[in-house]
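See below for the structure under consideration.
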Amino acid sequence: MLKIYNSLTRQKEEFRPLEPRRVRMYVCGMTVYDYCHLGHARVMVVFDMVARYLRHLGLKVTYVRNVTDIDDKIIRRAVENGETIGALTARFIEAMHEDERALGVLPPDHEPRATESIDDILAMIGTLIERGHAYVGSNGDVFYAVASFPNYGRLSGKNLDELRAGERIEVDEAKRDPLDFVLWKSAKPGEPFWASPWGPGRPGWHIECSAMSTRCLGAHFDIHGGGMDLQFPHHENEIAQSEGATGEHFVNYWMHNGFVRINEEKMSKSLGNFFTVREILARYRPEVVRFFILNSHYRSPLNYSDENLDEAAAALSRLYTALRGLAPDLPLPLGEGRDEGFSSRFADAMQDDFNTPEAIAVLFDLAREINRHKAAEPAKAAALGATLKSLGNVLGLLQTDPEAYFKSDAGGSGLSDADIEARIQARIEARKAKNWAESDRIRDELKAQGIILEDSAAGTTWRRE
RNA sequence: GGCUGAGUGGCAGAGUGGUUAUGCUGCGGAUUGCAAAUCCGUCUAUGCCGGUUCGAUUCCGACCUCAGCCUCCA
């Protein structure tokens with residue numbers, strides 16, 4: 001039985017989908033005014049892993065992840081860049097998709113955009129006003145009346161009095177209550193707008209997720225995910241909006257992933273201490289980044305550093321090394337186990353709130369077992385290799401051909417494969433003549449350029465570091 | 001200040017009331033022309049102080065430290 005840590009109850013709970021064999025999941029995606037950084041990558045990879053695992057369990061998953069393509073920052077950035085909002089968001093949506101593909105993130109089933117959901121948003125705001133959960137403020141903006149929703153604060157463990165006591169809350173004169181938040185912002189001159197019963201304007205941030213999730217998945221669905229920082233106020237507000245509008249329970253399981261940190265500090269755009277995915281991919285293989293993310297638990301902090309990425313690269317190489325040079329997997333004689341408990345250990349780890357670090361530890365045990373049998377029992381090694389690859393697939397890892405993986409450029413060497421092969425040929429000649437000095441010189445020379453040579457009985461192979 | 005969460009060996013990072021996490025690294029050995037890779041063996045730990053218990057890193061309490069949210073943020 002799969003257990004998921006539910007942020008709403010702060011404990012692990014057995015996962016029971018609303019409909020048998022079917023899961024509906026919504027994740028808050030990007031606001032597209034800049035490139036994805038590693039924090040965004042973590043959300044994408046973590047929930048991709050969740051979707052993959054649920055599917056692996058045989059569940060039919062409908063995975064929705066939205067794109068926020070209208071908000072203050074987007075408007076500001078477009079003005080700064082002197083481009084249209086549409087051009088800006090199109091550019092960064094495409095960049096996001098490129099990053100995703102690189103990281104082995106499968107596309108969500110639906111990727112709704114705020115600007116394409118205005119009708120749903122207007123309808124929901126209308127319903128909220130009818131039901132007494134929203135009102136038009138003195139400045140023409142529409143606000144959600146937080147006090148009208150009794151459960152407000154439950155997800156984030158806050159109560160209204162404490163929130164009101166916070167001195168940092170800016171009091172907007174147009175609001176009845178400082179805690180109220182905007183559903184519809186009336187347009188200022190020069191700003192983009194849509195027509196609405198409350199005048200021209202644009203949606204507030206929180207309402208779009210309520211509108212889009214309800215449209216794509218219904219009023220009540222299984223899993224809602226996102227980064228920790230969205231728990232309050234974004235997800236709290238979503239609950240208030242959706243439950244206020246539909247009268248139904250909104251979400252059964254709330255999942256929040258931990259932050260990426262740099263030097264013990266949250267990586268964020270506002271702090272300016274972020275690395276974009278493409279900056280990192282210029283120096284590391286994409287799969288290394290994915291491995292790095294999954295090698296710590298999704299709720300734990302993830303500390304970014306070059307050392308940690310290097311370590312992830314070394315670890316992933318070990319797994320690929322085990323897969324390297326295996327015979328094709330052939331059916332084993334009856335009674336000869338190809339698995340020996342690895343799959344069930346892997347499953348146990350994943351069933352426990354997606355414990356990918358522990359699941360990956362099983363992969364390493366499997367790799368050792370493969371290496372042990374590689375020479376003497378190639379058929380057994382190949383069978384174990386097939387198991388390793390199939391477990392890796394659940395995590396979106398290890399699906400590249402090992403040779404291709406090792407020869408792929410991790411972002412450095414200017415040497416072409418042909419250059420390398422030529423140097424290796426020269427070295428083979430030297431070795432035939434037992435000219436070890438020349439042989440070692442060539443090897444060192446290649447090493448200096450990030451090419452590792454490995455001699456074995458079968459010949460010399462090479463890989464990029 | 002309020003509310004969350006966390007403190008594990010040289011580093012990263014899991015689990016567990018009594019038994020090897022795992023990876024990288026160090027050390028010894030096998031293998032290799034030498035390496036690399038691989039295999040075998042091996043050293044380093046559970047923030048601090050109490051309590052519960054036959055026994056706690058694991059449960060409880062205090063303390064210290066760190067991070068996050070309370071304001072846009074994945």
Checklist entry - Expressed in whole Å, how much space separates the P atoms belonging to B/rC40 and B/rU31? => result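 Roughly 16 Å separates the two P atoms.
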
In whole Å, measure the gap between the C1' atoms of B/rA37 and B/rA74 for me.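 It comes out at 39 Å once rounded to the nearest Å.
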
Just checking [X]: base, sugar-phosphate only, or nothing, at a heavy-atom cut-off of under 4.0 Å?
X: A/Gly227; value: sugar-phosphate
X: A/Lys447; value: nothing
X: A/Ala315; value: sugar-phosphate

[X]: side chain to side chain donor-acceptor pair (under 3.5 Å) partners, not counting sequence neighbours:
X: A/Glu111; result: A/Arg65, A/His97
X: A/Asp353; result: A/His297, A/Tyr298, A/Arg299
X: A/Thr461; result: none

Listed pairs, N/O of protein and of nucleotides 9-11 of chain B, under 3.5 Å:
| residue | atom | partner | partner atom | Å |
| --- | --- | --- | --- | --- |
| B/rC11 | O2 | A/Glu311 | OE1 | 3.3 |

Any A/Arg372 side-chain nitrogen or oxygen under 4.0 Å from OP1 or OP2 of B/rC40
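Checking B/rC40 against A/Arg372, a side-chain N or O does come within under 4.0 Å of OP1 or OP2.
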
* Counting just side-chain N and O atoms, does A/Arg368 come under 4.0 Å of either OP1 or OP2 of B/rC40? ->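 So the side chain of A/Arg368 is within the cut-off, an N or O lying under 4.0 Å from OP1 or OP2 of B/rC40.
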
Residues which pass salt bridge (Lys or Arg N to Asp or Glu O under 4.0 Å) with [X], listed by chain and number, not counting sequence neighbours:
X: A/Glu403; answer: A/Arg324, A/Lys407
X: A/Glu311; answer: none
X: A/Lys73; answer: none
X: A/Asp306; answer: A/Arg283

Checklist entry - Side chain of A/Lys389, backbone of A/Leu398: donor and acceptor closer than 3.5 Å? => result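 Flag not set: sc A/Lys389 to bb A/Leu398 has no pair under 3.5 Å.
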
Donor-acceptor check, side chain of A/Asn66 to backbone of A/Cys209, threshold 3.5 angstrom: yes or no?
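No; judged by distance alone, with no hydrogens or angles, the pair does not exist.
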
Notebook entry, point to check: Once you round it to whole Å, what is the distance between P of B/rC69 and CD of A/Gln231?
Noted result: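 My rounded result for the distance is 11 Å.
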
Report task. Write down the distance between CG (A/Leu398) and C1' (B/rG23), rounded to a whole number of angstrom. Result ->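 Spelled out: CG on A/Leu398 to C1' on B/rG23 is 14 Å.
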
5'-most contact on RNA chain B: A/Phe232 or A/Gly226, nearest heavy atom basis?
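Taking each residue's closest nucleotide, the earlier one in sequence belongs to A/Phe232.
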
For A/Leu316 and for A/His234, find the nucleotide of RNA chain B with the closest heavy atom, then tell me which residue's nucleotide is more 5'.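 Residue closer to the 5' terminus by nearest nucleotide: A/Leu316.
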
Expected string for nucleotides 29-37 of chain B under the B/S/- scheme (protein heavy atoms, under 4.0 Å, primed atoms plus P, OP1, OP2 as sugar-phosphate) is ----BBBBS

Taking A/Glu100 as the fixed residue, which of A/Val105, A/Asp48, A/Val45 is the one that meets the side chain to side chain contact (heavy atoms under 4.5 Å, CB included) rule?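 It is A/Val105; the other options fail the test.
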
Margin query: At a heavy-atom distance below 4.0 Å, what parts of residues 256-268 of chain A sit against RNA chain B?
Written below: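 When residues 256-268 of chain A is checked for heavy atoms under 4.0 Å from RNA chain B, the hits, listed by number, are A/Asn257, A/Gly258, A/Phe259, A/Val260, A/Arg261, A/Glu264, A/Glu265, A/Lys266, A/Met267, A/Ser268.
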
Tabulate protein N/O versus nucleotide N/O from nucleotides 14-16 of chain B, keeping only pairs under 3.5 Å, one per line.
| residue | atom | partner | partner atom | Å |
| --- | --- | --- | --- | --- |
| B/rA14 | OP1 | A/His297 | N | 2.8 |
| B/rA14 | OP1 | A/Ser300 | OG | 3.0 |
| B/rA14 | O3' | A/Asn355 | ND2 | 3.4 |
| B/rA14 | O2' | A/Glu358 | OE1 | 3.2 |

Exercise for review: Could you note down all residue pairs passing ring pair (Phe, Tyr, Trp, His ring centres under 6.0 Å) where residues 366-408 of chain A supplies at least one of them, sequence neighbours left out?
Suggested key: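 Listed by first then second residue: A/Tyr320-A/Tyr405.
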
If you count the non-hydrogen atoms of other residues, nucleotides and ligands that lie under 6.0 Å from CZ in A/Phe232, is the total more than 12?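 More than 12 heavy atoms, drawn from other residues, nucleotides or ligands, come within 6.0 Å of this atom.
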
task: For the pair A/Phe292 and A/Tyr304, name the ring-plane relationship: parallel under 30°, tilted 30 to 60°, perpendicular over 60°.
output: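 Rings of A/Phe292 and A/Tyr304: perpendicular, as their planes differ by over 60°.
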
